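To start, the structure itself, in structure tokens.
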Amino acid sequence: MGMRGARRTGGGTVRPEAARDSSPDPARGAPIGGARGRGAAGRVLAAAAAGTTLAVLLSGCGGSGSDHGSGGPKRTKAPEHSAQAELAENPTRIPRVGDRLQSKIPDDARQVVAVEGKGEDAAQATVRLYSRHGKKWREEHSWAGHNGKKGWTADHHEGDKRSPVGVFTLSDAGGVLPDSEAKLPYTYTSAFTPPSYWPKKTRHDFDHVIAIDYNRVTGTSPLDPTRPQGKAKGGSIWLHMDHGSGTSGCVSLSKSGMRTLLRTLDPDKHPVVVMGDRASLRK
């Protein structure tokens with residue numbers, strides 16, 4: 001089911017846009033780079049068929065299946081070195097990220113969203129925003145959040161309810177609500193509205209979203225269903241608003257956090273997300 005009559009504001013070209021498929025997926029970032037619109041380059045789409053279309057696209061980011069994260073026994077561990085302490089010791093690296101993923105952060109990236117999951121099978125996460133000044137990174141913000149309700153995986157597949165581990169570019173945004181201050185190209189359409197049969201608490205999940213460039217084509221709406229690695233590898237992995245529990249593979253955080261990211265992430269600074277559970281990040 002397509003969304004027609006889309007037009008790109010801010011001097012962009014007018015063109016139809018099709019609604020796209022979505023379900024969570026594994027970790028291989030899209031190619032780094034690509035010319036993008038600047039400022040609030042919002043793609044404004046005419047209101048189109050929402051609920052059913054989005055349900056086909058998303059296998060739920062919290063909309064279907066159990067809402068519970070891992071229910072295993074909780075263990076008390078010795079306190080770890082904090083991210084702030086690690087950054088103070090070595091400001092040239094993103095803290096709590098080992099050599100494997102650190103080396104995948106592009107040299108031209110000046111903004112990094114770091115998502116640290118509590119555990120491989122846990123749904124809780126911490127989201128931190130870093131900016132680079134010269135050769136030094138600085139933590140700008142930190143928020144509590146959630147990831148896939150079943151945790152994390154280095155081999156994401158559609159419907160596994162796990163978030164992909166890896167480093168991915170951040171190129172496109174959108175949502176049910178407009179955001180004239182978003183710096184990333186922004187698709188505004190009611191087609192992001194969650195289906196009415198999803199739990200009430202998910203009503204505002206997609207008021208604002210930022211597409212994580214896992215198994216998608218950059219420069220398109222987050223709703224674009226194209227899956228370069230194939231449908232089985234999932235897709236539509238987004239940063240979006242939190243509903244208090246795990247997702248189907250996306251990363252969620254507070255409304256204020258999403259608004260901060262939309263107003264801060266700048267295509268000219270080549271933003272990326274590095275994400276995974278604590279142990280995977282450390283490798």
Side-chain angles (χ1 to χ4, degrees), residues 6-12 17 20 22 29-30 34-45 47 54 57-58 61-62 109-115 125-132 138-147 163 167-194 202-214 216 218-224 236-243 247 250-275:
R7 65 189 184 84
R8 190 180 179 93
T9 60
E17 190 108 43
R20 316 292 174 113
S22 87
R36 308 308 314 277
R38 301 192 178 194
R43 280 191 295 275
V44 180
L45 302 181
L54 191 67
L57 297 179
L58 293 170
C61 248
R110 287 184 283 152
Q111 293 177 322
V112 168
V113 178
V115 182
T126 300
V127 181
R128 301 182 179 95
L129 173 62
Y130 294 95
S131 63
R132 192 175 70 184
R138 183 170 69 201
E139 181 178 319
E140 305 290 356
H141 299 278
S142 178
W143 305 275
H146 289 89
N147 49 261
S163 298
V167 177
F168 310 97
T169 52
L170 299 170
S171 306
D172 303 280
V176 175
L177 301 180
D179 194 327
S180 61
E181 296 181 65
K183 294 184 178 180
L184 295 172
Y186 191 92
T187 300
Y188 160 45
T189 172
S190 62
F192 281 99
T193 305
T202 67
R203 230 28 23 218
H204 297 286
D205 279 15
F206 309 137
D207 282 0
H208 300 293
V209 312
I210 296 171
I212 293 171
D213 294 337
Y214 166 78
R216 69 178 299 269
T218 61
T220 63
S221 162
L223 292 172
D224 187 326
S236 293
I237 304 296
W238 298 344
L239 292 162
H240 66 68
M241 286 167 55
D242 191 61
H243 59 253
T247 72
C250 296
V251 172
S252 61
L253 63 157
S254 66
K255 180 178 181 178
S256 62
M258 280 302 301
R259 285 185 168 176
T260 296
L261 291 180
L262 286 168
R263 288 158 173 70
T264 304
L265 296 180
D266 185 342
D268 290 340
K269 296 182 179 179
H270 310 287
V272 301
V273 58
V274 53
M275 53 194 271

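These values consider heavy atoms only, across backbone and side chains, with no hydrogens, waters or symmetry-generated copies. Here the structure is a predicted model, which is why all the values come from computation and not from measurement.
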Is the closest basic N to carboxylate O distance between Arg263 and Asp179 below 4.0 Å? yes
Is any side-chain heavy atom of Phe192 closer than 4.5 Å to one of His208? no
Would a 4.5 Å heavy-atom cut-off, applied to side chains only, mark Leu265 and Val113 as touching? yes
Arg128 to Glu139 - nearest heavy-atom pair and separation: CD-OE1, 3.7 Å
Over all heavy atoms of both residues, which pair between Leu184 and Ile210 is shortest? Give the atoms and the distance, please. CD1-CG2, 3.9 Å
Nearest heavy atoms of Tyr186 and Leu177, plus distance in Å: OH-O, 2.6 Å
For Gln111 against Asp266, the heavy-atom pair lying closest together: OE1-N, 2.8 Å
Are Thr169 and His270 close enough that some pair of their side-chain heavy atoms sits under 4.5 Å apart? no
Under 4.5 Å between any side-chain heavy atoms of Leu261 and Leu170, yes or no? no
Is the shortest heavy-atom distance from the side chain of Pro194 to the side chain of Arg203 under 4.5 Å? yes
Could you tell me whether the side chain of Met275 reaches within less than 4.5 Å of the side chain of Ile212, counting heavy atoms only? yes
For Thr218 and Asp213, which I'm curious about, is there any donor-acceptor pair between the side chains at under 3.5 Å? no
Taking every non-hydrogen atom, the tightest pair across Ser254 and Trp143: OG-CD1, 3.8 Å
Shortest non-hydrogen separation from Tyr188 to Val176 and the atoms involved: CE1-O, 3.1 Å
